[in-house]
Amino acid sequence: MTAYEKLKMVRALDRPKGSDFVEGLFTDRVALCGDRRYADDPAIVGGIGYLGDQVVTYIAIDKGRDMAECMQKHFGCPMPEGYRKALRLMKQAEKFKRPVICLVDTLGAYPGAEGEERGQGQAIAENLVEMIGLKTPVISVVIGEGGSGGALALAVADRVYMLENAVYSVITPDGCASIIWKDASRVHDAAECLHITAQDMVDFGVAEDIIPENFEDFPQMCENMKTRLLQDLQGLKKLSVSHLLDERYNRFRKIGIYEENGKVKQ
Amino acid sequence: MFKRFFNRLLKRQPFPEKDFDVVCPACKQASSHLSLLNSNYICPDCGAYIRIPARDRIRMLADADSFSEFDADLTSKDFLQFPGYQEKLDKARESTGEASAVVTGVMRMGGMECAVFAMDSRFVMASMGSAVGEKITRLFEYALKMHLPVLGITCSGGARMQEGIVSLMQMAKCSGAVRRHSDAGLLYLVLLTDPTTGGMTASIAMEGDITLAEPKTLVGFAGRRVIEQTTGAELPQDFQTSEFLLTHGFVDMVLPREKQKETITLILKQHGKETV
Ligand SMILES: [Zn+2]
């Protein structure tokens with residue numbers, strides 16, 4: 001399957017969305033709302049629930065399952081208040097020493113006048129700075145589309161997983177095509193050039209591993225994901241806070257390919 | 001080998017005396033860069049603010065002979081063989097004489113030592129790829145080790161799409177270095193200059209303890225055209241300017257060029273001990 005075919009696939013309305021994964025992965029949930037500063041952004045759902053027998057904070061970007069939901073959730077493009085709500089829940093998780101699980105599926109942060117007025121860039125930047133130092137384990141799973149800074153704002157984590165057909169990109173391939181070729185219809189070429197597939201993420205050290213998809217048996221798929229996440233959390237919980245934060249820092253510190261004194265470093 | 005290194009050191013004057021012409025984007029009048037250095041890069045004919053090359057920025061702010069540069073040989077690699085990237089890099093290196101879109105190092109201002117990075121919009125729109133990310137991260141790590149404040153002079157088109165996802169990760173990497181520097185009680189001062197957009201605004205440009213901005217500077221996350229196309233909204237004239245950000249509470253002050261040196265030096269003094 002080409003990168004563009006994967007992109008079309010993860011954008012399809014009938015693919016399971018953030019809310020489906022929340023229902024499939026977490027039991028006995030208490031959903032929480034609002035950023036305590038301005039509003040509640042329905043594009044990001046979050047709360048406290050059980051992953052197996054482990055209490056966790058879950059945060060998911062939710063594109064919506066039908067047209068009405070999509071409109072209400074502005075197609076899963078979060079507002080600044082969405083990122084601030086996510087941060088509020090993360091800080092709460094840190095206080096009560098429970099792990100955070102983030103599920104990412106977005107075209108990107110909402111591009112709108114209100115978002116700019118309320119500091120879309122500042123909201124994302126604050127999440128990056130706070131997440132890299134959050135004193136509790138964080139695991140992020142890109143379940144569909146990982147759209148640039150709007151996705152990274154929930155993915156500065158100890159482990160990042162990609163679902164089999166999920167994509168993660170610095171810019172939407174559509175936007176990229178209109179910049180390089182002044183032709184948005186060349187989105188398939190842009191998708192190839194940008195290297196956005198799950199395997200690309202593993203190759204660049206951006207993701208740890210790929211999680212197989214099986215939407216015919218979604219409950220079983222969620223059970224397998226649960227086992228995987230719980231295993232990881234067990235390992236991460238054993239680390240001291242300073243060790244955990246050093247590993248998280250180094251996880252991102254080592255990413256980069258450049259030339260120095262004529263030698264390529266990566 | 002050693003001789004080559006020595007030669008490079010000799011060759012590497014931070015501020016070459018070579019003059020060149022800079023064309024004012026507003027009135028198209030050409031001025032010499034050496035004359036602009038003495039007039040804050042304000043066009044002598046029409047008064048417009050001309051974008052300042054990174055090296056000249058530092059030269060205008062630093063005490064005489066106080067700047068020493070870091071990682072001058074660190075440069076970008078077209079590792080994805082992305083269409084047109086190698087040509088863009090070659091052209092940028094050729095036309096600017098820079099190896100990357102950011103100049104980093106240490107300097108003194110009014111005797112106060114600080115680490116500094118300045119971005120150069122002439123170099124692939126000062127977008128942030130691996131080279132920029134690595135240089136800025138190293139600068140913050142150095143400043144942490146030496147207990148120095150950091151002055152960051154930003155301008156950027158955002159993450160560098162020609163390096164794909166690796167560019168996006170530079171935002172997290174630099175933010176990590178900012179966080180460690182901050183946790184040690186050290187000052188990070190940002191001066192936003194035209195244009196600071198996209199991934200830069202969504203990371204290190206908005207992570208300062210104190211954020212200053214030049215007048216009439218474009219600062220935003222999403223592009224104006226994208227917003228107009230997506231939402232059909234009619235946007236105000238001053239949308240995403242530094243004045244707009246001041247009104248909405250996202251910068252501390254809009255600071256004209258004549259006052260920058262004085263104000264930045266004062267803030268450095270308020271936060272540290274004098275070294276000279
Ligand atoms: Zn002019």
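Residue numbers start from 1 in every chain, and the chains themselves are labelled A, B, ... in the order their sequence lines are given, proteins ahead of strands.
Heavy-atom proximity under 4.5 angstrom to chain B picks out A/R84 from residues 76-87 of chain A. Contacts from residues 201-223 of chain B to chain A, taken as heavy-atom pairs separated by less than 4.5 Å, involve B/T201, B/A202, B/S203, B/M206, B/E207, B/G220, B/F221, B/A222 in sequence order. Along residues 232-245 of chain B, the residues that come nearer than 4.5 angstrom to chain A, judged on non-hydrogen atoms, are B/L235, B/F239, B/Q240, B/F244 in order of number. Within residues 188-199 of chain A, the residues having any heavy atom less than 4.5 Å from a heavy atom of chain B are, in residue-number order, A/C193, A/L194, A/H195.
Between A/K265 and B/L74, every side-chain heavy-atom pair lies at or beyond the 4.5 Å cut-off. In this structure, A/Y168 and B/M169 have side chains that are in contact, with non-hydrogen atoms separated by less than 4.5 Å.
Of the residues considered (A/A155, A/G256, A/P111), A/P111 shows the highest number of contacts with chain B, using heavy-atom pairs under 4.5 Å. Each of A/R251, A/K263, A/R118, A/E126 has some count of heavy-atom pairs under 4.5 Å with chain B, and the biggest count is that of A/R118. Per-residue heavy-atom pair counts under 4.5 Å with chain B were compared for A/L128, A/N127, A/D200, and the maximum is reached by A/L128.
Using a cutoff of 4.0 Å between basic side-chain nitrogens and carboxylate oxygens, B/R93 and A/E259 are not scored as salt-bridged. The residues A/D246 and B/R180 are annotated as salt-bridged, a charged nitrogen and a carboxylate oxygen being separated by less than 4.0 angstrom. Look at B/E134 and A/R253 and you find a salt bridge, because one of the NZ, NE, NH1 or NH2 atoms lies within 4.0 Å of a carboxylate O, short of that distance.
Proximity to chain B (any heavy atom under 4.5 Å) is restricted, for A/I171, to the side chain, taken from C-beta onward. Proximity to chain B is limited to the backbone of A/S169, based on heavy atoms less than 4.5 angstrom apart. Using a 4.5 Å cut-off between heavy atoms, A/V264 contacts chain B through its side chain alone, with no backbone atom that close.
Between A/L152 and B/L168, the shortest heavy-atom distance links the atoms CD2-O, 3.4 Å. A/I180 approaches B/P83 most closely through the heavy-atom pair CG2-O, 4.3 Å. Closest non-hydrogen pair, B/K173 versus A/I255, comes out as NZ-O, 2.9 Å.
Side-chain N or O atoms of B/S130 include one that pairs as donor or acceptor with a backbone N or O of A/I257 at under 3.5 Å.
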